[in-house]
Amino acid sequence: MKKIQFLIAISAIFVASSCDEYLDTENLSEKSLDSYYKSPTDINEAMAGVYNAIYTTNVHSEEQVAANLMDNMMFGGGGPDDKSAKWVDNFEDPAEDTYRDMWRQSYNGISRANAIIEKGSLADFSKYFNTPAEAEEFKKQAVGEAYFMRAFFYFRLAKFFGGVPLIMTYDADRYVARATYTETFAHIASDLKMAIETMPATPITSIPTSSYGHANKWVAEAYLGRVFLFYTGYMTNIEKQATADLPLVDGGALTATQVAAYLNDCVTNSGHKLVSDFRNLWPYSYVNKSAGNNVLPWAATEGLSWVGQDGLAPTFGTGNSESMFVQRFSFGDWGWTNGNIYTNRLALFNSMRGNSQAPFGEGWGWCTVNPKLYSGWSDLDPRKRGSIIEVGRADQGTAGYVKDKGDHETGFFNKKYTSLQHDNGTGSNVGMFVQMYGWANTDMQLMHAQDFILMRFADVLLMHSEITKTADGLNTVRARAKLAPVGYSLEAIKEERLHELAFEGLHWFDLVRWGDVDTAFNDVIQVRNSGVDANYSVKYRPETKGLVPIPETEMRLLNGVYNQNPGW
């Protein structure tokens with residue numbers, strides 16, 4: 001099968017701050033704002049640089065890892081030396097720059113998006129296409145995509161840090177104070193609205209598979225729903241300022257009705273749909289034909305079949321129709337400057353510590369699953385076993401699990417994002433993706449090429465129900481799981497989101513926006529810490545308002561321009 005192709009290198013763009021300091025000659029060695037962004041190749045390279053900013057070197061700065069560690073349904077885990085995971089889990093800051101990579105990379109992405117918005121809007125691409133209409137469509141997609149990505153990075157910053165400095169042009173002053181929470185979200189909402197109005201309304205069945213994972217009009221509409229729910233919920237339940245609308249930069253606002261209309265457009269016209277079985281979204285359902293008895297018995301018995309990613313399904317239109325926006329991963333290499341950041345470290349860090357099974361491989365044992373989730377989840381819901389690894393079970397491929405390898409051990413692990421491996425025919429367990437793509441390096445830390453799904457269609461349906469206070473989307477998701485329909489209620493939405501979207505980096509933010517975060521961490525859980533029985537409880541600190549600290553290095557660099565978040 002074809003290898004995943006990544007375009008992840010984009011040179012830094014240097015702009016002279018004063019023409020007097022440089023010779024007045026054409027820059028032949030470096031790309032600049034004056035000479036670049038003039039061709040589709042330029043734009044595609046620059047856009048690759050925007051997407052590259054999603055990746056972070058420090059694992060704590062990965063959005064999905066950080067959000068899962070703070071979730072009340074997952075614990076710090078790891079081994080005795082994994083103190084940082086335990087500290088984050090207990091709402092303590094393990095280092096003064098724990099989240100600095102998230103901060104820096106987000107602003108790198110914003111800066112690169114700014115350049116595309118400014119220069120791409122002025123470029124004439126007509127000579128590269130057969131018709132003016134094709135050139136115009138390319139430009140609209142590129143500029144609209146840049147607007148979306150700028151909103152994406154500001155939303156990532158706002159969810160974790162609150163109001164942040166707003167740098168909306170490429171050459172804007174970087175040394176500015178933090179905007180308010182409302183000002184920040186007004187810019188996010190306005191960028192998303194612009195992205196929706198700019199990008200072509202092309203159904204996904206007509207989008208080439210090479211664009212899989214990229215943003216489009218439908219992704220922007222979906223994110224507008226997520227931003228609306230988070231902002232109005234946060235303001236109402238955390239800031240105690242009842243808010244029903246999402247502000248815009250021009251002083252206007254988007255109402256629930258307007259946002260619901262965007263989601264309805266996505267549902268009706270995007271071409272996205274739920275895959276037939278929830279469990280087929282996750283690569284554990286891949287039937288490795290050469291693996292013999294190492295195929296997960298449960299998956300084989302249930303007749304599961306992974307829908308794939310990047311053309312691994314027959315076609316995108318009949319394969320993975322549910323994944324809308326994803327973070328692509330490949331393998332890593334210790335010889336690279338960035339080491340292993342292009343391998344899915346959520347899968348690595350969440351996997352069973354010290355246990356190399358088939359098909360579930362080993363990892364660092366972070367984010368062990370709260371047994372409260374397992375015990376409170378009906379066995380009639382196939383998503384329960386489709387989301388949680390149960391140790392010590394032959395039908396789960398975990399009969400050989402050895403206890404007491406890690407801390408906060410509960411007997412349950414994340415099944416959606418986990419290490420996967422099969423016998424390669426020689427008696428050795430080798431990573432599933434390593435075998436599929438023919439990689440030579442079989443290091444267990446570098447083999448996780450599973451996409452992380454940032455937005456999928458099931459979430460769109462649930463958000464539509466929550467915003468419209470109707471049960472249609474909610475029951476469509478339930479019907480896929482063969483569960484009976486229910487009437488609309490916020491409690492029904494909460495339960496459905498918990499079960500449908502478990503371990504996908506969303507539940508923490510749901511707890512915050514619903515105002516449930518203050519009471520969600522009152523349980524005392526029995527765990528094992530390196531072989532010793534213990535009681536474990538997490539003490540959330542309400543004074544933090546669900547935010548993490550501004551990196552101390554950034555605070556010092558700006559020397560008093562920023563104010564630190566409360567509680568830190």
Side-chain angles (χ1 to χ4, degrees), residues 1-4 277 279-314 319-320 329-334 340 342-366 385-406 409 411-452:
M1 297 182 182
K2 68 176 183 177
K3 294 185 179 181
I4 300 175
D277 192 310
R279 297 166 294 182
N280 286 339
L281 284 165
W282 316 108
Y284 62 70
S285 64
Y286 173 64
V287 178
N288 186 346
K289 301 299 184 182
S290 65
N293 60 9
N294 287 302
V295 173
L296 178 61
W298 166 74
T301 301
E302 295 287 331
L304 302 184
S305 181
W306 183 40
V307 294
Q309 58 192 35
D310 192 35
L312 295 181
N320 192 343
F329 286 102
S330 180
F331 62 96
D333 193 283
W334 300 120
N340 65 341
Y342 300 120
T343 188
N344 188 330
R345 289 180 296 178
L346 179 65
L348 169 64
F349 278 76
N350 276 202
S351 296
M352 297 181 293
R353 188 174 184 88
N355 280 263
S356 182
Q357 309 279 300
F360 299 118
E362 65 179 313
W364 303 138
W366 288 20
R385 298 185 73 188
S387 302
I388 299 175
I389 295 174
E390 306 152 81
V391 303
R393 294 189 58 145
D395 67 334
Q396 293 293 297
T398 58
Y401 180 79
V402 179
K403 293 171 59 178
D404 303 334
K405 295 288 187 178
E409 195 173 36
F412 303 112
F413 293 89
N414 178 356
K415 186 181 283 185
K416 293 179 177 178
Y417 294 100
T418 191
S419 172
L420 292 166
Q421 59 186 19
H422 297 288
D423 189 329
N424 67 351
T426 67
S428 298
N429 288 331
V430 177
M432 173 180 137
F433 290 98
V434 171
Q435 295 187 58
M436 293 172 72
Y437 296 126
W439 297 333
N441 192 334
T442 61
D443 191 319
M444 54 82 77
Q445 298 184 67
L446 305 175
M447 67 184 200
H448 311 285
Q450 179 185 356
D451 291 347
F452 180 78

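When a residue number appears, it is its place in the shown sequence, counting from 1.
Taking the side chain as every heavy atom from C-beta outward, Thr418 and Asn350 never approach each other to under 4.5 Å. For the pair Gln396 and Lys415, the minimum side-chain heavy-atom distance is below 4.5 Å. For the pair Trp282 and Lys416, the minimum side-chain heavy-atom distance is below 4.5 Å. At a threshold of 4.5 Å between non-hydrogen side-chain atoms, the residues Met444 and Ser419 do not count as touching. Side-chain contact between Phe331 and Phe433: absent, with no pair of heavy atoms (C-beta onward) separated by less than 4.5 Å. Counting only heavy atoms from C-beta outward, the side chains of Arg385 and Glu390 approach each other to under 4.5 Å. Proximity of Val391 to Phe412: side-chain heavy atoms (C-beta onward) are nowhere separated by under 4.5 Å. Using a 4.5 Å cut-off on side-chain heavy atoms (C-beta onward), Tyr284 and Ile389 make no contact.
The closest donor-acceptor contact from the side chain of Gln309 to the backbone of Asp451 lies under 3.5 Å. No donor-acceptor pair closer than 3.5 Å links the side chain of Ser330 to the backbone N or O of Tyr342. In this structure a side-chain-to-backbone donor-acceptor pair under 3.5 Å is missing from Asn355 to Glu362.
Checking Gln421 against Ser356 by side-chain atom types alone, a donor-acceptor pair falls below 3.5 Å.
Ring-plane geometry between Phe349 and Trp366 is classed as perpendicular, the angle between the planes exceeding 60 degrees on a 0 to 90 degree scale with a lower cut at 30.
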Review point. Yes or no on side-chain contact (heavy atoms from CB on, under 4.5 Å) for Tyr417 and Gln450, after CA distance, side-chain angles and deciding distance?
Key: CA-CA 8 Å; Tyr417 294 100; Gln450 179 185 356; 3.3 Å; yes
**Study point:** Worked check of side-chain contact (heavy atoms from CB on, under 4.5 Å) between Trp334 and Asp443
**Key:** CA-CA 10 Å; Trp334 300 120; Asp443 191 319; 2.9 Å; yes
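Applying the ring-ring contact (aromatic ring centres under 6.0 Å, His included) rule to Phe413 yields no partners; only residues at least two apart in sequence or on another chain are considered.
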